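Below is one structure, written out as structure tokens; the observations come after it.
Quick note: numbers below take in every heavy atom, side chains included, and nothing from hydrogens, waters or symmetry partners. Note that the structure is predicted; figures quoted are calculated from it, not measured.
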Amino acid sequence: MRSLLLLALATAPVVTELPEHLVADPRAPVVTEATLLENERFWPYQTALTADGSLGVLIRVEQGGLARLDFGRDGKRTIPVSDTDLVVRANQIRTGLLEKAAPNFVLALGPRLVDSGSDELRPYPFATVAEKPGFVCVFADPGQAEFASIVAALSPLHERHGLATILFPQGEHPDPALREKLRALKWTVPFVYDHLSESYTRSLLKDGVKVPAVVLLTREGRVLLERAWSPDVTAELSAALDVAFAATTASAPGAAGH
């Protein structure tokens, strides 16, 4: 274990201890603009614009050579990878010249989750988040009538292949009240703190995707599936989970044949 002060929102909880995360692999092929998307383990947490050096947090790399960045008060932008030093930083992580403390999505969201399964209001354990191979992110308003049906449809997928479901509550829902609601529904998934959920929703959802919505993400934040909610989404999400993560379950310690 090693100490690290996370650069994050001042109002967010701070994690001072992170599980060891070793990602450097100098023997791996050099990362290029064309291979950056598939080499997500080397994605840096931050990147700078080559034009003026402005520093932003990498939300994700997208298809078509694009990167979605968060510049804090200056907003969120999707720009060409070629306009950033992403490739340079990725190769520095690959060779060990630049440290990467944790997978990007884990580092960004891990300290900002409430544990609805706990008997008292408390943060969701960061170490547990760090163990997850991926995440089903649900953007929905717990106050809407359809919320119960969304919960019923997605409940069987919680922890499938070791993934975690995370709720990004829409609307204003005080953390204690939302925790009780989720417990009453027997859907004790971690959820984002009420005062942070709107900001992270804007960061993660593409423009034009209406809520309620579901997004399947890797530990680094790469989007595997993004859909506005409908009852048909469950089957599509289930299939995407199996394709992306079944091998992870099979190769885990203690799995059959291992």
Distance only, no hydrogens: is a donor on one side chain within 3.5 Å (strictly under) of an acceptor on the other, for R179 and S118? no
Please report the shortest heavy-atom distance between A102 and L107, naming the atom on each side. CB-CB, 4.2 Å
Does E38 have more than 12 heavy atoms from other residues, nucleotides or ligands lying within 6.0 Å of its CD? yes
Evaluate side chain to side chain donor-acceptor pair (under 3.5 Å) for T201 paired with Q170, printing each intermediate quantity in order. CA-CA 8 Å; T201 297; Q170 307 299 296; 3.0 Å; yes
Can any side-chain N or O of W43 pair as donor or acceptor with the backbone N or O of L36 at less than 3.5 Å? yes
Can you tell me if D175 uses its side chain to pair, donor with acceptor, with the backbone of Y193 under 3.5 Å? no
Pair R202-D70, salt bridge (charged side-chain N to carboxylate O under 4.0 Å, His left out): steps then yes or no: CA-CA 10 Å; R202 292 198 306 267; D70 188 340; over 6 Å; no
Verify the distance criterion only: is there a donor paired with an acceptor across the side chains of D52 and S54 at less than 3.5 Å? yes
Between K100 and F42, is there a side-chain heavy-atom distance shorter than 4.5 Å? no
Mind listing the closest non-hydrogen atom pair of T47 and R89 along with its distance? CA-NE, 3.8 Å
Quick one: does any side-chain atom of D194 pair with a main-chain N or O of H173 as donor and acceptor, under 3.5 Å? yes
Quick one about E40 and T218 (side-chain donor to acceptor, distance below 3.5 Å, no hydrogens or angles considered), yes or no? yes
Return the OG to NE2 distance between S238 and H161, rounded to the nearest 0.5 Å. 7.5 Å
For V23 versus R41, what's the shortest heavy-atom pair and its separation? CG2-O, 3.2 Å
Can you check whether V215 reaches V209 side chain to side chain, under 4.5 Å on heavy atoms? no
Rounded to the nearest 0.5 angstrom, the CG-CD1 distance for L217 and I59 is 11.0 Å
Given side chains that start at C-beta, do those of L157 and T234 come closer than 4.5 Å, heavy atoms only? yes
Check this for me, if you would: do E159 and K132 make a salt bridge, where the nitrogen-to-carboxylate-oxygen distance has to be below 4.0 angstrom? yes
Taking everything shown except E172 itself, do over 12 heavy atoms lie less than 6.0 Å from its CD? no
Does S155 reach the main-chain N or O of V151 with its side chain, forming a donor-acceptor pair under 3.5 Å? yes
V57 and Y45, any side-chain heavy atoms less than 4.5 Å apart: yes
Is there a path from L37 to V87 through hydrophobic residues (I, L, V, M, F, W, Y) whose side chains come within less than 4.5 Å of each other? yes
Heavy atoms of T165 and W187 approach each other most closely as CG2-CZ2, 3.7 Å
Hphob cluster co-occupancy, L66 + V61, side-chain heavy atoms under 4.5 angstrom: no
Testing the basics here: between P142 and L167, what is the closest heavy-atom pair and its distance to 0.1 Å? CG-CD2, 4.3 Å
With no hydrogens and no angle check, is any side-chain donor or acceptor of N104 less than 3.5 Å from a backbone partner on P44? yes
Using modelled atom types and a 3.5 Å cut-off, is there a donor and acceptor pairing between side-chain atoms of R94 and backbone atoms of P26? yes
If you round to the nearest 0.5 Å, how far is CZ of R160 from CG of L154? 12.0 Å
Quick one: do L58 and L204 end up in the same hydrophobic cluster if we chain Ile, Leu, Val, Met, Phe, Trp and Tyr together by side-chain heavy atoms under 4.5 Å apart? no
Give a yes or no answer on whether the side chain of R112 reaches the backbone of A108 with a donor-acceptor pair at less than 3.5 Å. yes
Between CG on residue L55 and CG on residue D85, distance to nearest 0.5 Å: 8.0 Å
dist R77:CZ -> T84:OG1 (nearest 0.5 Å) comes out at 11.0 Å
Do F168 and Y200 have ring centroids that are under 6.0 Å from one another? no
Would you kindly confirm whether V243 and L225 end up in one hydrophobic cluster when ILVMFWY residues are joined by side chain heavy atoms under 4.5 Å apart? no
Would you find a donor on one side and an acceptor on the other, under 3.5 Å apart, between the side chain of S116 and the backbone of V189? yes
Between P103 and R219, which heavy-atom pair has the shortest distance, and what is it? CG-NH2, 3.0 Å
Is it possible for you to say whether W229 and V138 belong to one hydrophobic cluster, with membership spreading through side-chain heavy-atom contacts below 4.5 Å? yes
